[in-house]
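The chains referred to below are lettered A, B, ... by the order of the sequence lines, with proteins before strands, and numbering in each begins at 1.
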2 protein chains.
Amino acid sequence: MKRISRLELLNTGTELLFGSVLNTHLSYLGQQLFSLGLRIQRQTTVPDGYAIRDAILEAASRSDALLITGGLGPTSDDVTRDIVAELTNRPLEYVEPIFEKIRARFDRRGLRMSERISRQAYVPRGATVLDNDFGTAPGLYVPATEQLPYMFLLPGPPRELRPMFEAKVVPLLRGLTAETDLQAIVYRTSGLGESYLEEMVGKDLEALPGIEVGYCARVGEVDLRLIGGAKTLAEADRLAREKLGDYIVTTEAKELEEVVVQRLTECRASLATAESCTGGHLADRLTNVPGASAVLLEGHVTYSNAAKESTLSVPRHLLETVGAVSEEVAAAMAEGVRTRANADFGLSTTGIAGPGGGTEAKPVGTVFIGLAEKGGKTRVEKHFFPSDRPTFKQMVSQYALNLLRRRL
Amino acid sequence: MKRISRLELLNTGTELLFGSVLNTHLSYLGQQLFSLGLRIQRQTTVPDGYAIRDAILEAASRSDALLITGGLGPTSDDVTRDIVAELTNRPLEYVEPIFEKIRARFDRRGLRMSERISRQAYVPRGATVLDNDFGTAPGLYVPATEQLPYMFLLPGPPRELRPMFEAKVVPLLRGLTAETDLQAIVYRTSGLGESYLEEMVGKDLEALPGIEVGYCARVGEVDLRLIGGAKTLAEADRLAREKLGDYIVTTEAKELEEVVVQRLTECRASLATAESCTGGHLADRLTNVPGASAVLLEGHVTYSNAAKESTLSVPRHLLETVGAVSEEVAAAMAEGVRTRANADFGLSTTGIAGPGGGTEAKPVGTVFIGLAEKGGKTRVEKHFFPSDRPTFKQMVSQYALNLLRRRL
């Protein structure tokens, strides 16, 4: 049996190249395969039609296995099934139970079935049918030959592909995967730029034999990725943790807001937010996490001075003297919202998102972040993030969440 | 001069194949290129390193132009610049003004610059530098040769790539693209499902000769796309507007929240928001629009009943009798926040985002949206959007914004 070590992903669909649908398959499958010790070596998107044939033949020379998404539906541009049947010399055969399953699905929903649906009941001879519990098109697994890789044909819609992949494809792949002793750790860090991070750890880590080091920067965070054998990786891990310390947010596949909600829950601590320049983005991120309602008591978006006074009890004299974008007002907002909600922590943001509103003393990008705590001292951080509005809001919310995380 | 008709996209970055970052380039660039009359014929993702070289050579045989993203940064895995220099026989030359621009950027932010940054100041001889106004790595445009396509090297982070593409690459592509007399109109609609939309307009539009009709569904909105010659397109446009009427949000490349902020500004009307289940997402979307601070007076995230009472003056007896997720509470929240802020409109959301909290009478996905207005009647809409949390929040905020838009 040919063992899989080189794997590629082929996404088919004109709508993907048109930009009308975001392709989330690569991100999802990349993470799933990684946990099996597999990496996608290349991903390709081609339009519906015979470009699929060329792409399969090209991938065949580079890979042991090929995941193909899309083109299994009932309409005339769904040709993946036919192309694979032709390439593998496996004639298409009508499989009655597939048709019955599809018909039952339509009946349950009280829908009329169109003529074309029966196309989906044809299977290349000898292929394994992967049941689709969330749609009509079944997936297919076609064994490898001398010339062609293992092929897994999966439906395009993520809500159909994902459960099928986890229930049907993962067990098949497990049986076909070469043993590897390589492991990986991904450190999500916040508060450091990419080049700083590399300066802090790059030389030492790259000096370890057999360790692959990678970096990935996003807004307000950088991932450090280490891959290697168990023993060297343990050494690299010690080194990374020693050098990076508290900059490490997590080594799990978690967002910063998930880590914050989890820590708050563990500490049985509650939070209230007072946002000016982030305009609700901080609360929005927190409430994306299931269970956030148990720790986030309330949040307020107080753009105007009037709202800062009436909702957060920020003293008017402060707003009139030092101005809304100031250390003092950030502190008063954090304390005001904490007191108002009787929460353990109060977190505030006030700054100039732009494009308008900047001055020489306080240019666009200036921001103050406040953190008040019950029975503790209020901290305020000043930052400068000149950028577009959404990036500014993301940066500020990132630093605010990280300020709170480091305190927990 | 070689004119561009066949175009490919090459995304580089191990992190993309790893699944740690979602690749949004294809979707963004697909839409942008469409308005230039260009389509992406194939998209490929390869890891950092010399796989980039192979992919460029393969694309060369199929395409006139190649957009390459990523690998322009300061770290050792950023090798796109070097590979293109080698392939095109253009030695890398140090360009002082690029270095100075990067240094000025660091100085403005009060940051120390790492040694490695200077890599970004090297340019293949004869390439055109595309300034990066949102990051350090400049883009590059390398003219075509007999063997190689036009190449556009763009930075990986979307916040850097997008403004660079629109300001620098679009004008270059315009000059290199074959003339076409086809025009396009994209109608952004909200409040209709894709199949309903197709039922309303599909047959009539497809009956017009020479009109290409396309649909694209996203969360809570559907785009209708018409392409054709000027005269037939005008006829199709009349038909589409007549049939779809108020469902059309805009035919410009604008988000629903931009349209809402613009209309509020034009009407000199003000808004306050009271969010339970959307958790700040509604305010976040509104405050992404420059100028939102002039119309959004305040916003509140009131998860708990206590916060609904104290901040929005929702009567306790309502919360105790009909419950927080109800028509009555949605109305009271909208009226409470409108009165509190003395705004022209008050917009509220209350529902069950899940995964927990559903009951038989009010299952996960149930939501009420309230709209109160000064001197007018309060409206409440009930909807049912069973899905994951982020999709639920997006759907609810979409319907809330659309409810307000149709009133303006």
Legend entry - Proximity of residues 158-166 of chain B to chain A, residues having a non-hydrogen atom under 4.5 angstrom: R159(B)
Legend entry - Side-chain donor/acceptor of R39(B) to backbone N/O of T14(A), under 3.5 Å: no
Inset, instruction - Against chain A, label N288(B) side chain, backbone, both or neither, depending on which of its atoms sit under 4.5 Å from a heavy atom there. - result: both
Legend entry - Residue I40(B) versus chain A: region with a heavy atom under 4.5 Å: both
Legend entry - Nearest-0.5 Å distance, OH of residue Y303(A) to CG of residue L297(B): 12.0 Å
Legend entry - Residue L7(A) versus chain B: region with a heavy atom under 4.5 Å: neither
Inset, instruction - Select, from E15(B), Q41(B), H300(B), the one with the greatest count of heavy-atom pairs under 4.5 Å involving chain A. - result: H300(B)
Legend entry - Partner chain B: residue of Y196(A), Y215(A), F384(A) with the largest heavy-atom pair count (under 4.5 Å): Y196(A)
Inset, instruction - Specify the closest pair of heavy atoms between P74(B) and S195(A), including all atoms of both residues, with the distance to one decimal. - result: CG-CB, 4.5 Å
Legend entry - chain A interface, residue from V46(B), L286(B), V289(B) that has the most non-hydrogen pairs under 4.5 Å: V289(B)
Legend entry - Salt-bridge contact R285(A)-D284(B) (side-chain N to carboxylate O under 4.0 Å): no
Legend entry - Toward chain A, the part of A353(B) with a non-hydrogen atom under 4.5 Å: neither
Legend entry - Spatial distance of atom CZ (R42(A)) from atom CG (D54(B)) [nearest 0.5 Å]: 7.0 Å
Inset, instruction - Check whether P363(A) gets within reach of chain B through its side chain, its backbone, both or neither, counting any heavy atom under 4.5 Å. - result: neither
Inset, instruction - Please state whether the side chain, the backbone, both or neither of E298(A) comes within less than 4.5 Å of a heavy atom of chain B. - result: both
Inset, instruction - Counting only heavy atoms closer than 4.5 Å, note whether T311(B) contacts chain A via side chain, backbone, both or neither. - result: both
Inset, instruction - Drop me the distance from N23(B)'s CG to T24(A)'s OG1, to the nearest 0.5 angstrom. - result: 11.0 Å
Legend entry - Distance in Å, S310(B) OG paired with N342(A) CG, rounded so as to fall on 0.5 Å steps: 11.5 Å
Legend entry - Any residue meeting salt bridge (charged side-chain N to carboxylate O under 4.0 Å, His left out) with R105(B), in chain and number order, not counting sequence neighbours: none
Legend entry - Largest heavy-atom contact set with chain B, pairs under 4.5 Å, which of E206(A), E275(A), R340(A): R340(A)
Legend entry - Whether T287(A) side chain and G279(B) backbone form a donor-acceptor pair below 3.5 Å: yes
Legend entry - Results of salt bridge (charged side-chain N to carboxylate O under 4.0 Å, His left out) for E194(A) - residues two or more places apart only: none
Inset, instruction - Give the minimum heavy-atom separation between T45(B) and L26(A), together with the two atoms involved. - result: OG1-CD2, 3.8 Å
Legend entry - Most chain A-contacting option - heavy-atom pairs closer than 4.5 Å, from A283(B), G135(B), G299(B), G280(B): G299(B)
Legend entry - Engaged part of P290(B) at the chain A interface, taking heavy atoms whose separation is under 4.5 Å: both
Legend entry - chain A contact via E58(B) - which portion, at a heavy-atom distance below 4.5 Å: side chain
Inset, instruction - Select one option (side chain, backbone, both, neither) describing which atoms of S293(A) are under 4.5 Å from chain B's heavy atoms. - result: both
Legend entry - Interchain contact, T273(B) with chain A, by part (heavy-atom threshold 4.5 Å): neither
Legend entry - Least distance between heavy atoms, G291(B) atom then R389(A) atom: N-NH1, 4.3 Å
Legend entry - Greatest number of heavy atom pairs closer than 4.5 Å to chain A - which of T302(B), L29(B), D133(B), L16(B): L16(B)
Inset, instruction - Kindly write out the residues that satisfy ring pair (Phe, Tyr, Trp, His ring centres under 6.0 Å) with F18(B), not counting sequence neighbours, or none if the list is empty. - result: F34(A)
